[in-house]
Amino acid sequence: MAYELKTKQTDNSVIEFIEAVDSPKKREDAYQLLDIFTETAGFEAKMWGPSIIGFGSYHYKYASGHEGDAPLVGFSPRKAKISLYFAPGESKREELLKEFGKHTNGKACVYINKVADIDVEVLKKLIQESITFLQKTYPAQ
């Protein structure tokens with residue numbers, strides 16, 4: 001049995017998803033992030049699974065044989081915090097995060113409370129580095 005990826009690109013509306021976010025402040029931040037990511041990534045926003053707003057996509061294949069598609073970068077305005085998705089393994093991320101502002105670090109994501117806590121210019125660099133890294137690491141077939 002093949003491993004089935006939970007997070008697939010869907011045709012659901014990004015705007016409808018953001019409009020359904022409970023907190024008005026989180027909604028406002030989500031729209032701000034939508035603008036920053038769209039402009040910086042140069043890709044249209046798409047829903048990935050029920051709650052991730054992703055930009056662009058790449059196909060990965062691990063030595064284990066596990067493969068799939070994932071967004072190059074993305075974010076999700078979750079109840080507790082906003083998750084920002086960047087390339088796992090991208091080497092400049094640690095350096096950039098030192099100047100990023102208030103955040104916590106996960107394996108594949110960086111969590112923030114609100115856009116006001118972070119340096120938007122650093123966010124743009126994180127997005128660009130992530131995309132460059134993934135496009136080099138997983139070139140389109």
Side-chain angles (χ1 to χ4, degrees), residues 2-141:
Y3 172 76
E4 190 60 27
L5 265 180
K6 289 190 289 284
T7 311
K8 286 200 163 116
Q9 190 174 310
T10 69
D11 290 326
N12 297 347
S13 163
V14 169
I15 302 300
E16 277 175 27
F17 171 69
I18 293 175
E19 282 300 318
V21 170
D22 283 344
S23 152
K25 187 71 194 99
K26 271 228 166 68
R27 249 195 327 269
E28 196 181 301
D29 275 357
Y31 279 120
Q32 204 179 339
L33 288 168
L34 181 62
D35 285 347
I36 295 165
F37 272 82
T38 302
E39 191 182 305
T40 310
F43 294 99
E44 188 189 343
K46 300 271 187 199
M47 288 305 301
W48 286 75
S51 60
I52 295 174
I53 299 169
F55 300 81
S57 70
Y58 69 100
H59 186 80
Y60 61 85
K61 190 170 187 171
Y62 298 136
S64 65
H66 174 72
E67 62 180 295
D69 296 293
L72 290 165
V73 287
F75 71 93
S76 181
R78 300 192 187 274
K79 270 199 176 25
K81 293 186 181 272
I82 298 169
S83 305
L84 306 175
Y85 298 93
F86 304 117
E90 197 283 305
S91 59
K92 294 190 182 125
R93 181 165 117 173
E94 289 311 309
E95 278 304 299
L96 287 168
L97 285 175
K98 288 177 188 162
E99 309 158 24
F100 190 49
K102 193 175 162 195
H103 71 281
T104 49
N105 227 341
K107 189 177 171 189
C109 7
V110 172
Y111 303 99
I112 63 169
N113 290 317
K114 53 189 187 289
V115 175
D117 286 345
I118 60 164
D119 183 327
V120 170
E121 290 311 307
V122 176
L123 173 58
K124 290 177 183 177
K125 285 184 197 151
L126 284 161
I127 293 168
Q128 288 160 341
E129 287 297 336
S130 213
I131 292 171
T132 303
F133 171 80
L134 288 170
Q135 287 178 332
K136 256 191 225 137
T137 310
Y138 303 99
Q141 304 304 313

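- Atom CD of Gln135 is separated from atom OG1 of Thr137 by 10.0 Å, given to the nearest 0.5 angstrom.
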**Message:** I'd like to know whether Glu39 forms a side-chain contact (heavy atoms from CB on, under 4.5 Å) with Lys124, so could you lay out the CA-CA distance, the side-chain angles of the two residues, the decisive distance to 0.1 Å, and finally the verdict.
**Reply:** CA-CA 9 Å; Glu39 191 182 305; Lys124 290 177 183 177; 4.3 Å; yes

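- Listed for the Ser57 side chain is no donor-acceptor partner under 3.5 Å among the backbone atoms of Asp69.
- Taking a 6.0 Å sphere around NZ of Lys25, one finds it holds more than 12 heavy atoms contributed by other residues, nucleotides or ligands.
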**Request:** Apply the test side-chain contact (heavy atoms from CB on, under 4.5 Å) to residues Leu34 and Phe55: give CA-CA distance (whole Å), side-chain angles for both, the deciding distance (0.1 Å), then the verdict.
**Result:** CA-CA 10 Å; Leu34 181 62; Phe55 300 81; 4.0 Å; yes

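- Between Tyr58 and Tyr60, the ring-plane angle classifies as tilted under the 30° and 60° cut-offs.
- Between Phe100 and Phe86, the ring planes lie perpendicular to each other; the angle is over 60°, past the 30° to 60° tilted range.
- Minimum heavy-atom separation, Ser13 to Glu16: OG-N, 3.0 Å.
- The line from CZ of Phe75 to CD1 of Ile82 is 8.0 Å long, rounded to the nearest 0.5 Å.
- Taking CD from Gln128 and CG from Leu96, the interatomic distance works out to 10.0 Å, rounded to the nearest 0.5 Å.
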**CA sep, side-chain torsions, deciding dist, call: Phe37, Val73, side-chain contact (heavy atoms from CB on, under 4.5 Å)** = CA-CA 8 Å; Phe37 272 82; Val73 287; 3.8 Å; yes

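- Taking the charged nitrogens against the carboxylate oxygens, Lys26 and Asp29 have no contact shorter than 4.0 Å, which rules out a salt bridge.
- Contact detail for Ala87 and Arg93: the closest heavy-atom pair is O-NH1, 3.9 Å.
- Counting all heavy atoms, side chain and backbone alike, Thr10 lies closest to Gly49 at CG2-N, 4.1 Å.
- Atom NZ of Lys92 is surrounded by 12 or fewer heavy atoms from other residues, nucleotides or ligands within 6.0 Å.
- Here the side chains of Lys46 and Pro71 are not in contact, with every heavy-atom distance at 4.5 Å or above.
- Here CH2 of Trp48 is found 10.5 Å from NZ of Lys8. Values are rounded to the nearest 0.5 Å.
- The side chain to side chain contact (heavy atoms under 4.5 Å, CB included) test with Ile112 singles out one residue from Leu84, Leu123, Thr104, and that residue is Leu84.
- Nearest approach of Cys109 to Tyr85, heavy atoms of both residues: SG-CE2, 3.6 Å.
- When side chains are defined from C-beta on, Asp119 does not count as touching Glu99, because their heavy atoms never get closer than 4.5 Å.
- At least one side-chain heavy atom of Ile53 sits less than 4.5 Å from a side-chain heavy atom of Met47.
- Counting all heavy atoms, side chain and backbone alike, Glu19 lies closest to Tyr31 at OE2-OH, 2.5 Å.
- For His103 (side chain) and Tyr111 (main-chain N/O), no donor-acceptor pair under 3.5 Å exists by modelled atom type.
- Contact detail for Phe43 and Gly56: the closest heavy-atom pair is CB-N, 3.3 Å.
- A distance of 8.0 Å separates OG1 of Thr40 from CD1 of Ile131, quoted to the nearest 0.5 Å.
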**Message:** For Glu90 and Leu126: C-alpha separation, side-chain torsions, deciding distance, then whether side-chain contact (heavy atoms from CB on, under 4.5 Å) applies.
**Reply:** CA-CA 9 Å; Glu90 197 283 305; Leu126 284 161; 5.5 Å; no

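- His66 contributes atom NE2, which lies 11.5 Å from atom NZ of Lys61 (distance to the nearest 0.5 angstrom).
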